[in-house]
Amino acid sequence: MRKSLKTVLFVFLSGLFITACSSRPDDQPELAEVKGLVTLDSSPLVGVLVQYTPEEGRGSQALTDENGKYELMYVYPTMGAKVGSHTVTINTPPTDDSDPEAPKVKEVVPEKYRKNSILKAEVKPGENDISFDLQTR
């Protein structure tokens with residue numbers, strides 16, 4: 001009896017290990033690496049939120065760094081975005097209005113790139129370098 005319990009436990013733990021180490025769970029879509037640069041009138045946009053929204057399913061997002069560069073995250077800690085067509089929105093991250101000491105941040109991104117964005121991107125399998133040079137006019 002003790003030997004069969006060890007066998008069952010071994011098979012169960014092996015299944016968990018194989019599931020945890022698989023490259024892509026069945027419920028996760030095909031993802032691809034997406035990085036790029038966001039500029040406004042050719043100057044890097046620092047600390048803006050870049051969001052990719054696919055036609056169906058979960059989107060991906062990133063904040064630009066001090067050089068205006070971003071790299072999308074699908075869900076922590078999984079990097080990337082779903083392969084396919086996306087609408088891209090870029091805006092200044094919201095501030096915490098409940099904290100009176102929190103600094104108010106002025107929106108620097110023109111309206112046409114925010115809520116009803118005109119930006120589109122096609123994410124292809126593999127590595128994608130997708131940059132946006134936003135214009136104030």
Side-chain angles (χ1 to χ4, degrees):
M1 184 74 168
R2 191 167 183 87
K3 189 173 184 178
S4 70
L5 181 59
K6 285 183 180 179
T7 303
V8 169
L9 186 58
F10 175 76
V11 170
F12 176 74
L13 291 175
S14 296
L16 281 178
F17 178 76
I18 290 168
T19 302
C21 293
S22 66
S23 62
R24 183 169 70 98
D26 291 338
D27 63 340
Q28 182 172 304
E30 180 181 5
L31 301 177
E33 178 183 326
V34 181
K35 61 183 177 178
L37 173 68
V38 179
T39 57
L40 180 62
D41 298 327
S42 300
S43 295
L45 269 176
V46 177
V48 294
L49 181 63
V50 180
Q51 296 176 295
Y52 277 54
T53 305
E55 293 172 2
E56 291 184 13
R58 177 190 301 270
S60 298
Q61 61 184 10
L63 284 175
T64 58
D65 67 12
E66 64 276 355
N67 299 310
K69 294 182 180 181
Y70 73 93
E71 187 170 352
L72 292 179
M73 180 177 289
Y74 180 69
V75 62
Y76 183 80
T78 305
M79 301 303 287
K82 186 176 176 183
V83 171
S85 298
H86 293 257
T87 298
V88 179
T89 57
I90 301 174
N91 55 54
T92 303
T95 57
D96 183 3
D97 292 334
S98 66
D99 182 359
E101 294 184 23
K104 301 297 178 202
V105 178
K106 179 184 174 208
E107 181 61 70
V108 295
V109 179
E111 179 66 33
K112 63 185 173 184
Y113 307 116
R114 293 184 286 166
K115 188 175 180 181
N116 295 312
S117 179
I118 63 170
L119 299 173
K120 304 289 181 195
E122 185 69 28
V123 176
K124 297 179 180 165
E127 296 179 12
N128 294 264
D129 191 345
I130 304 173
S131 296
F132 299 98
D133 184 20
L134 312 181
Q135 303 298 312
T136 53
R137 295 181 186 241

request  = Run the numbers on Asp133 and Ser42 for side-chain contact (heavy atoms from CB on, under 4.5 Å), then give the verdict.
outcome  = CA-CA 6 Å; Asp133 184 20; Ser42 300; 3.6 Å; yes

request  = Could you tell me whether the side chain of Lys115 and the main chain of Thr89 form a donor-acceptor pair under 3.5 Å?
outcome  = no

query = Of the non-hydrogen atoms in Glu56 and Lys82, which two are nearest, and what is the gap between them?
reply = O-NZ, 2.6 Å

key: Spacing of Leu63 atom CG and Thr92 atom OG1 [to the nearest 0.5 Å]   = 10.5 Å

request  = Identify the heavy atoms of Gln61 and Leu49 that sit nearest to each other, and give their distance.
outcome  = OE1-CD1, 4.0 Å

query = Same hydrophobic cluster for Val50 and Ile118, using side-chain heavy-atom links shorter than 4.5 Å among ILVMFWY?
reply = yes

message = Is there a path of hydrophobic side-chain contacts, each under 4.5 Å between heavy atoms, that joins Val88 and Val109?
response = yes

message = Please report the interatomic distance NZ(Lys35) to CG(Asn128), rounded to the nearest 0.5 Å.
response = 10.5 Å

remark   = Nearest heavy-atom approach of Ser60 to Gly80 is OG-O, 2.8 Å

message = What's the separation between atom CG in Asn91 and atom CD in Glu111, rounded to the nearest 0.5 Å?
response = 9.5 Å

query = Going from NZ on Lys120 to CD1 on Ile130, what distance comes out if it is rounded to the nearest 0.5 angstrom?
reply = 13.5 Å

request  = Work out which heavy atom in Leu72 is nearest to a heavy atom in Ala81; give both atom names and the distance.
outcome  = CD1-CB, 3.8 Å

inquiry  = Can you tell me how far apart CG (Asn67) and OG1 (Thr39) are? Round to the nearest 0.5 Å.
reply    = 12.5 Å

inquiry  = Classify the ring geometry of Phe132 against Tyr70: parallel below 30°, tilted from 30° to 60°, perpendicular beyond 60°.
reply    = parallel

key: Which atom of Ala32 lies closest to which atom of Lys124, heavy atoms considered   = CB-O, 3.1 Å

message = Please find the pair of heavy atoms, one from Gln135 and one from Pro110, that lie closest to each other, and give the distance.
response = O-CG, 3.7 Å

task = Measure from the side-chain N and O atoms of Thr64 to the backbone N and O of Val48, and report whether any donor-acceptor pair falls under 3.5 Å.
result = yes

message = So, taking the atom named CD in Gln51 and the one named NE2 in His86, what distance separates them when rounded to the nearest 0.5 Å?
response = 12.5 Å

inquiry  = For residues Leu119 and Val123: do they belong to one hydrophobic cluster (side chain heavy atoms under 4.5 Å, members Ile, Leu, Val, Met, Phe, Trp, Tyr)?
reply    = yes

request  = Spell out, yes or no, whether Tyr52 and Tyr74 are grouped together once hydrophobic residues are joined by side-chain heavy atoms under 4.5 Å, including indirect joins.
outcome  = no

task = Spell out, yes or no, whether Leu31 and Val75 are grouped together once hydrophobic residues are joined by side-chain heavy atoms under 4.5 Å, including indirect joins.
result = yes

